[in-house]
Structure formats: C-alpha cells, structure tokens
Amino acid sequence: MRSGQLAAILKELADMMELKGENPFKVNAYRRAARAVENSRVPIDALERPEELPGVGKGTAAVIREIMETGQSKQLDEIRNLLPAGLPELMRLPGLGPKSIHVLYRELGVTGIEELRQAVEAGRVRHLPGFGEKKERNLAEGIRKWNKRPVRTLLIHALPVAETLEKRLRQIPQVERVEPAGSLRRRKETVKDLDFVVATEHPAVVAERITAMPEVTQVLNHGETKVSVMVEMGLAIQVDVRLVQPEQFVSALHHFTGSKEHNVRIRQRAKELGWKVSEYGIFDPEKEEVFTFREEREMFDKLGLPFVVPELREDRGEVDIPTLPELLGIEDYRGDLHMHTRWSDGSATVEEMAIAAQKRGYAYIAITDHSQSLKVASGLTADDLKRQREEIDQVNDRLDGMTVLAGVEMDILPDGSLDYPDEVLQELDLVIASIHSGFRQDEETLTSRMIAAMENPYVHIIAHPTGRLINRRDPYGLDLDRVFEAAKRTGTVLELNANPHRLDLNDWYLKRGKEEYGLRFSINTDAHTPEMLSHIGVGIATARRGWLEAEDVINTYSIDRLKDWLAQKRGG
DNA sequence: GCCGTTTTCGGCCCGACTGTTTTCAGTCG
C-alpha cells in the first residue's frame, strides 16, 4: 500500500460522508488525515502508530490500519451501498455542493449526471427547496460543459501574459501597488486563472480602466472590490483583479496567493494567539485593533513564523516547522546536463549550444543526443558517438572557462535491456537513461525495466522518470517507491526535467524523494534549441516547490566535484 | 473525528457572493 492510495481512499471516504450529510467537522477530520498521510515524512508502511500523524486520532487510525491490512474500508463499503456511485462526481458542477446533491437525490432520485440532465430539462429542479429558475439555468449550463474538461494553462504560457498585464496595471495612475498572486505566484506547474492584487484609493476608476482594456473579451464580474474578465492575449484566460485599500495590500496579497490550505493553517495559528486573520489584516478582538503590514515578512513575523516563500505555501509543513530550508536559487545552478543537437533531433550545433550556455553563465553542459533505437529522433550509433566526441573535443579546445561533457540519452528498451553495450557507455562522460517506448506495459514490467537500467554502473541519471506530459499524457504506471529505493541503493540520480510540459519528477515526488529516501536530483532542460535552455526557470521553480536546496541538486556542483561524482557512480 | 499551558466539552478559518429568501444556507476560493 502506497501513501497515495491510502490518501485516495480517505478522501473518497470524506467525500461520501459529506454527501451522506455527516457532521462537516468529521468529514474535515478525514480530509486532514488524507493530507497528513500524503505529507508524512515516514513511509506509510513503516508507520507503526498512525495516531502520531497530526490530526489523526484513535478513530481514523483504526480506519487507516484496516485499509493497510485489507486494502479496503468497511465504512466506505457501507456508504457505497447506501449512496449511488454517480453522486460524488456531481460535485464537479459549479454551484452544486453536497447539500444540494443530497436534495436532488432525496427528492428526485437523481443518481448521476444523466438523470440530473433529464430533471433539469423537464424543469423539475426549479421547484425543489433552495433551488429556483436561476439555479436550474446555471446547472443546465454546467451540464452542457460537462465533458469539456477545463484545461489548466501551463505556467510558462501564463508568465508572459501576467507580466504584460502587471505592466499595464502599473500604468494606471490611481494604482499604487500591484502584484500577481494565486498559483502563478506560487509557481504551480499550471494555473487556472491569473490573480492580481492592486492597492488603490480609487477602486471604481481602476475597475473601469481594466474592463476597458482592448484585450478584454468578456466582463464576468464587475464589483467594488473585484473585477473578473476574460482576456485574449495569445491565449484566452480569466483574470481576477482584487482592489484593496493601500494599507490592506499585504494581507490581501497573502490571502490571494494562497494556497487555500496554507491560509487555513495560518488562521489556525493566529487563533492560537487569540487573533483573527483575513484578507484585511490581523484582527485583535480584545483590543479591537487591526494590524496591517508593509511587507509579507512583517506579517509572518507578527505570527511568530519564519517567512515562507510563495512556492512553499501548500500546507506541506511550512507553517509547522521552526526553520525552513534555504531553497535552491537560479544563482546556484552551474550547468545543464541534458540537451540535444543536430546530431539527433536538436536544431543547433554542439558549439551553438555551448555558447548559449556560456552566455547564461554556466560552467559546464553535457551533450546528450538520442541513442540508436530511437529512429524517429535520428538516434546515434556507437560510431556516431565517437565522431561526435571528436567534435566536442574541438569545441572544448576553443572554449574558455566552459566544459562540454560528452554524454548520451540512451533508451531503455522494452525488454529492459539498454541501447548500447557497456564498452560504448564507458567511453562517455555521462549517461542518461530514459524510457521512450512501451509506455503501456504493466507496472511490474515498467518498474523492473527502470530498476535494471539503474543497476548498470555506467548509468548516471534517469531522465523524466514518470514520462507524464501535463494535460496530454498520464505518468507511466511505475512503482515510484521501488524506483526511489533503487536510486538510493545504486546512487543513481533522478531527473527533474525542466521542459514546461514535463516538470517530472513533480514537486510532491521531489520532496518525498528527498525526505524519505535522501535522494539527490538533476535538473535539466532537455533543450532541443539554444532558446530552450531558458526553461531552467520553471525547473528551478518546481524544485523550490519540492523543498530542494542547492546541495540536493548535482547541477550546483563545481565541474571538479561533478566529475568526481560521475566517476564515483562507476565505482571509481 | 480531533483536540487541549485558559479546556476532556465545545469548539473546529474567514469572508464574499449567489440565489434563495425576507434573514440566510450553500458554495467558493
């Protein structure tokens, strides 16, 4: 049993209990337990006493034990027998929560989306208590969009739009301060919309200016403190702007940066001190006094907490521990170890890539073109690799203060063997192995295949370990705990691929790999053009979200230390 | 269901908005 599976069962239990109409605090207790399991530093199967997890008491601990032992929960089975399986997914409809779903089920016998559609079309919903014509129309709209999964925008696409909008907002004379907030500020891999917090004494004027921007295609909401619009700026995205008084700016920025879960922890913390936190400030009910702040740092200070950077605000322990890690920064990064050239499917020469890297201030790079089996990408034969090595040597002779390593991104073949024999690998400075075929094999086959590659002493790094493509392809069905364990045992480093579509390993796995297994990682762009080296920005952001420090990432090593490590992996 | 240097009972984060109501429940972030 993996922590992800256990957490999923606890979440389902919470959802079902909520639909059943259980005490909301009890429901929340199960949600908290699910979070605690996800964020536990101890591997879940090594957890002897679940009640040691925060928010887990006797009751939930017993449920956890039962699930660990039997793989299921009697309580959950009972509710499943009581309530139709189609109900939980109805929560995805905007405006529909557990209470309304229960009414629909009880009064109309609605058990799923199809029956709801029929009830709405027959006009039967509007007569229910708490419902009306407007609500029925909104439901009809939600049902119409049911199958159009809202695709979240990639961070890398959202960033330039946010930057343009930020500049635009700054140009409005009545605007005193502007910051982007929300998941963009937390640098999540995808964002749903763009949030801005604006300080102004004249909210109505600013709101007017925003709705009048030429890129605005639709005004969704236009109130005194909030404007929501759809904009078309290369991509169509919703923009929410919150307008607050200047003295409220910092509290509002913190509030709208989130995450929701982080905010909840912050408010609990304030409550322990007898205060109340909202988007308007920290309120002391005893003295009837409101504290406001000039910088976020002051706000955390007031609560007796170390400053938490936006990337960590996910309630993964950042509010509960006395000292936070000194996160990796772009200035710590010394070289990119995964990129392609014209030798396979890249667009530039070795020298062009090297010069681009040097302009970024790097001390080294590794050229890692594809291996022979990957025909679609013009993979290199052993002979090609020899000739490429000659070219790399020449480039190294011409460059000053920059080392180009000769590497390869070698396919792990569907049968688990590697694409070159050891004699070829030992000639290379650095070997990355990765899976590009046979994605749909079963978990056991895929996992063994990857572990076999890690056991080869010549393999230094596993690239994009789960193979997911955000919004496009799910991760391979790997047992990542076994992969982590093998990485630890063999000293193999797992990659955080900084391609904005991959960002794989993701933040959550990075934190787990570091804390539970003591792993180190490599962050690389997998660039196929010189411009793509700039993707390292979102890679570093993801690493920060994964709580990584410079020491956890081999790309922060000096060239000498890196060479030592490369040799050491081979038993040198 | 969980939790406790004010507590073993009575709380559990906070406020805005919507649509339903005529003072508020439900939903959302």
Side-chain angles (χ1 to χ4, degrees), chain A residues 10 13-14 17-36 50-64 73 75 90-104 125-139 141-142 181-186 188 191-195 197 220-228 238 240 242-244 248 251-252 254-283 285-286 290 303 313-315 319:
Chain A
L10 291 171
L13 199 43
M17 289 196 304
E18 190 170 33
L19 281 171
K20 199 182 139 204
E22 274 283 8
N23 172 359
F25 298 108
K26 182 172 166 180
V27 172
N28 194 249
Y30 277 89
R31 296 233 161 91
R32 273 187 75 196
R35 284 194 70 75
E51 41 277 86
E52 275 162 19
L53 294 172
V56 175
K58 251 167 84 182
T60 323
V63 174
I64 290 177
S73 151
Q75 216 177 330
L90 293 182
M91 299 241 255
R92 274 167 40 207
L93 284 169
L96 209 53
K99 293 274 174 20
S100 317
I101 293 173
H102 203 80
V103 171
L104 288 166
V125 169
R126 72 185 72 163
H127 305 300
L128 294 175
F131 288 77
E133 279 186 40
K134 189 97 187 236
K135 219 163 176 174
E136 194 179 70
R137 263 205 306 281
N138 289 343
L139 275 179
E141 179 67 10
S183 42
L184 179 109
R185 182 158 181 252
R186 303 201 311 280
K188 253 185 104 155
V191 303
K192 183 163 104 324
D193 48 27
L194 301 177
D195 294 298
V197 179
L220 303 167
N221 185 320
H222 184 171
E224 262 295 289
T225 62
K226 178 184 163 175
V227 190
S228 292
Q238 182 174 334
D240 294 339
R242 321 280 173 151
L243 308 156
V244 299
Q248 298 166 340
S251 281
H254 177 265
H255 176 84
F256 292 113
T257 296
S259 64
K260 188 184 151 206
E261 290 77 12
H262 168 85
N263 287 351
V264 168
R265 285 292 300 124
I266 288 286
R267 287 178 194 144
Q268 285 170 345
R269 167 82 193 179
K271 217 173 164 90
E272 286 164 20
L273 301 167
W275 298 328
K276 224 167 62 166
V277 170
S278 79
E279 55 262 56
Y280 304 118
I282 295 182
F283 180 61
E286 222 160 84
V290 178
L303 296 170
R313 299 182 194 167
E314 299 290 346
D315 189 25
V319 182

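Any value given below was found using the heavy atoms of this structure, including those in side chains, with hydrogens, waters and symmetry copies removed. Per chain, numbering begins at 1; letters A, B, ... match sequence-line order.
To the nearest whole angstrom, the two P atoms, one in B/dG1 and one in B/dT7, are 25 Å apart. With both ends at atom C1', the span from B/dC17 to B/dC3 equals 32 Å, rounded to whole Å. One C1' atom belongs to B/dC13, the other to B/dG29, and the distance between them is 12 Å to the nearest Å. With C1' as the reference atom, B/dC9 and B/dC14 are 24 Å apart, rounded to whole Å. A distance of about 24 Å separates the P atoms of B/dA16 and B/dT22, rounded to the whole Å. Going from the P atom of B/dT18 to that of B/dG11 covers 31 Å, rounded to whole Å. For the C1' atoms, the distance from B/dT20 to B/dG26 is 10 Å, rounded to whole Å. The P atoms of B/dG10 and B/dT21 are separated by 35 Å, rounded to the nearest whole Å.
Counting any heavy atom pair closer than 4.0 Å across all strands shown, A/Pro94 reaches sugar-phosphate atoms only and no base atom. Among the atoms of the strands shown, only primed sugar atoms or phosphate atoms (P, OP1, OP2) are found under 4.0 Å from some heavy atom of A/Glu279. Nucleic acid contact class of A/Pro98 (heavy atoms, under 4.0 Å, all strands): sugar-phosphate only. Contacts of A/Val27 with the nucleic acid, taken as non-hydrogen atoms under 4.0 Å apart, are absent. Looking at heavy-atom distances under 4.0 Å, A/Lys260 makes contact with a base. Looking at heavy-atom distances under 4.0 Å, A/Glu51 makes no contact with the nucleic acid at all.
The minimum heavy-atom distance between A/Leu139 and A/Val125, with the atom names listed, is CD1-CG1, 4.1 Å. Heavy-atom minimum distance, A/Ser251 versus A/Tyr280: CB-C, 3.9 Å. Among all heavy-atom pairs drawn from A/Val244 and A/Val197, the shortest one is CG2-CG1, 4.1 Å.
Computed from coordinates, the A/Leu273 CG to B/dT5 P distance equals 13 Å when rounded to whole Å. Atom CZ in A/Arg269 sits roughly 15 Å away from atom P in B/dC14 (whole-Å rounding). Between A/Ile266 atom CD1 and B/dG15 atom P there is a gap of 16 Å when expressed in whole angstrom units. If you measure from atom CG of A/Asn263 to atom P of B/dC28, you get 18 Å, rounded to the nearest angstrom. The CZ-C1' distance, from A/Phe283 to B/dC14, rounds to 13 Å in whole Å. Between the OH atom of A/Tyr280 and the C1' atom of B/dC13 there is a distance of 15 Å, rounded to whole Å. We find that NZ of A/Lys226 is positioned 8 Å from P of B/dC17, with the value rounded to whole Å. In this structure, A/Lys135 atom NZ and B/dG26 atom C1' are separated by 6 Å, rounded to whole Å.
By the 4.5 Å heavy-atom criterion applied to side chains, A/His254 and A/His262 are counted as neighbours.
Listed nucleotides B/dG1, B/dG26, B/dC13 differ in distance to A/Ser100; the shortest reach to its side chain belongs to B/dG26. Among B/dG29, B/dT27, B/dC13, the nucleotide with an atom closest to any side-chain atom of A/Arg267 is B/dC13.
Put simply, CG on A/Leu19 and NE2 on A/His102 are 8.5 Å apart, with the number rounded to the nearest 0.5 Å. Atom CG of A/Asn138 and atom CG of A/Leu93 lie 11.0 Å apart (nearest 0.5 Å). A distance of 13.0 Å separates CZ of A/Arg35 from CG of A/Leu53, quoted to the nearest 0.5 Å.
Taking the syn range as angles within 90° of 0, the glycosidic angle of B/dT7 is syn.
An OP1 or OP2 oxygen of B/dG19 is reached within less than 4.0 angstrom by a side-chain nitrogen or oxygen of A/Asn138. A/Thr225 has no side-chain polar atom (N or O) that falls below the 4.0 Å cut-off from OP1 or OP2 of B/dA16. Distances shown here put every side-chain N or O of A/Ser278 at or beyond 4.0 Å from the OP1 or OP2 atom of B/dC13. The side chain of A/Lys58 places no N or O atom within less than 4.0 Å of a non-bridging phosphate oxygen (OP1 or OP2) of B/dC2. An OP1 or OP2 oxygen of B/dC14 is reached within less than 4.0 angstrom by a side-chain nitrogen or oxygen of A/Lys271.
Using N1 to N3 plus N6-O4 or O6-N4 for Watson-Crick, or N1-O2 and O6-N3 for G-U wobble, each under 3.5 Å, B/dA16 pairs with B/dT27.
Residue A/Val277 is the one, among A/Val277 and A/Leu128, whose nearest nucleotide of DNA chain B lies closer to the 5' end (criterion: closest heavy atom).
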